[in-house]
Asker: 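This is the structure I have questions about; it appears just below.
In what follows, chains carry the letters A, B, and so on, assigned in the order in which the sequence lines appear, proteins first and then strands, with residues in each chain numbered from 1.
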2 protein chains.
Amino acid sequence: MQRHIYNCSDGCPVESTLQIISGKWKSVIIYHLIKNKVCRFSELQKRMPNCSRRMLSLQLSELEKDKIIEKKIYPVIPPKTEYKLTRFGQTLTPLIIEMEKWGRTYNTINLEEN
Amino acid sequence: MQRHIYNCSDGCPVESTLQIISGKWKSVIIYHLIKNKVCRFSELQKRMPNCSRRMLSLQLSELEKDKIIEKKIYPVIPPKTEYKLTRFGQTLTPLIIEMEKWGRTYNTINLEEN
DNA sequence: CAGCATCCCCCCAGATACTG
DNA sequence: CAGTATCTGGGGGGATGCTG
């Protein structure tokens, strides 16, 4: 995690944030975990059909490494896992909700233009 | 701009937002334009030393195409340009400020851990 | 100063196949 | 079900040089 900071110009806070959430699907994953508290891998897949299984897996593992989400594995067959936000990850909620709000009005505007 | 929407799963608002601001440097550019109102190309360069001139140029032109920023060209020699947020672009302010806030506390936490 | 054009390399991410 | 492993191509992005 430390390396992130040194990539940022003069400690620019926006750049710091991007180091954590700029992955192609990370904010979307966090968004669904805010809305649904707990999600299984397949549930996330359904909610993000444009994200390949491979990508979903990669993004999840990076979020886990950065302590944004935590993973619970049930030792059963067939396998079952659950993902949820950590306490630290929950501090991203206001930011992601702002993304949601802006996206909603943006969608509305574009629909009106048709 | 329309194409953006159809890339989004079921109109997911977060995905819509990402279509606009997910470029590698876009949120950082917007951030500096919020803080400084008007910036010249070289001023943005100084504030984002890790962003190459080429990348800065590309990101700016995409933001302009999406009507987030507008560019004013002064027909002088040597050339002078100025960038600022459009009214539409200003609606992103709350979102970018949330990114700033989160990045600040994140930086603080990491400094404490040293 | 504020870019664009070109070249070129690397690696991101899709497709596919396999596994506990 | 919930992933890994491997291969591959296409393009994102750096470096450099040029211009009005």
Asker: Using atom NZ of Lys46(A) as one end and atom C1' of dC1(D) as the other, report the distance to the nearest whole Å.
Answerer: 11 Å

Asker: Rounded to whole angstrom units, what separation is found between the NZ atom of Lys26(A) and the C1' atom of dC12(C)?
Answerer: 13 Å

Asker: Restricting to salt bridge (charged side-chain N to carboxylate O under 4.0 Å, His left out), what partner residues turn up for Lys72(B), sequence neighbours left out?
Answerer: none

Asker: What is the distance from CD of Glu62(B) to C1' of dG12(D), rounded to the nearest Å?
Answerer: 11 Å

Asker: Out of dG13(D), dA15(C), dG3(C), which has the shortest distance to the side chain of Met55(B)?
Answerer: dG13(D)

Asker: Nearest to the side chain of Arg40(B), which nucleotide is it out of dA2(C), dG3(C), dG14(D)?
Answerer: dA2(C)

Asker: Looking only at the side chain of Pro79(B) (C-beta and beyond, no hydrogens), which of the listed nucleotides dG14(C), dT4(D), dG20(D) gets closest?
Answerer: dG20(D)

Asker: How close or far is atom C1' of dC4(C) from atom CD of Gln45(B), stated in whole angstroms?
Answerer: 14 Å

Asker: Round to a whole Å and report the spacing from CG of Asn50(A) to P of dA13(C).
Answerer: 14 Å

Asker: Please determine, for the side chain of Arg54(B), which listed nucleotide (dG14(C), dT4(D), dG13(D)) has the closest atom?
Answerer: dG13(D)

Asker: Could you tell me whether the phosphate oxygens of dA2(D), OP1 or OP2, come under 4.0 Å of any side-chain nitrogen or oxygen in Ser42(A)?
Answerer: yes

Asker: Would you call Glu62(B) and Lys65(B) a salt bridge, taking side-chain N to carboxylate O under 4.0 Å as the test?
Answerer: no

Asker: In whole angstroms, how far is the P atom of dG13(D) from the CG atom of Leu58(B)?
Answerer: 9 Å

Asker: Side-chain N or O of Lys71(A) less than 4.0 angstrom from OP1 or OP2 on dA2(D)?
Answerer: no

Asker: Return the 5'-most residue of the pair Ser52(A), Ile73(B) with respect to DNA chain C, ranking by each residue's nearest nucleotide.
Answerer: Ile73(B)

Asker: Is the closest basic N to carboxylate O distance between Glu82(B) and Lys71(B) below 4.0 Å?
Answerer: no

Asker: Could a donor-acceptor pair under 3.5 angstrom be found where the side chain of Arg53(B) meets the base of dG17(D)?
Answerer: yes

Asker: So, is Thr81(B) close to the dG3(C) phosphate, meaning a side-chain N or O under 4.0 Å from OP1 or OP2?
Answerer: yes

Asker: Centre of Phe88(A)'s six-membered ring, under 6.0 Å away, within 45 degrees of the axis: is that where NZ or CZ of Lys67(A) sits?
Answerer: no

Asker: Can you tell me which nucleotide in dC1(D), dC1(C), dG14(D) comes closest to the side chain of Pro78(A)?
Answerer: dC1(D)

Asker: Remember a base hit wins even if backbone is also touched, and classify Tyr74(B) as base, sugar-phosphate or nothing at under 4.0 Å, heavy atoms.
Answerer: nothing

Asker: Atom NZ of Lys24(A) and atom CG of Asn50(A): how far apart are they, to the nearest 0.5 Å?
Answerer: 9.0 Å

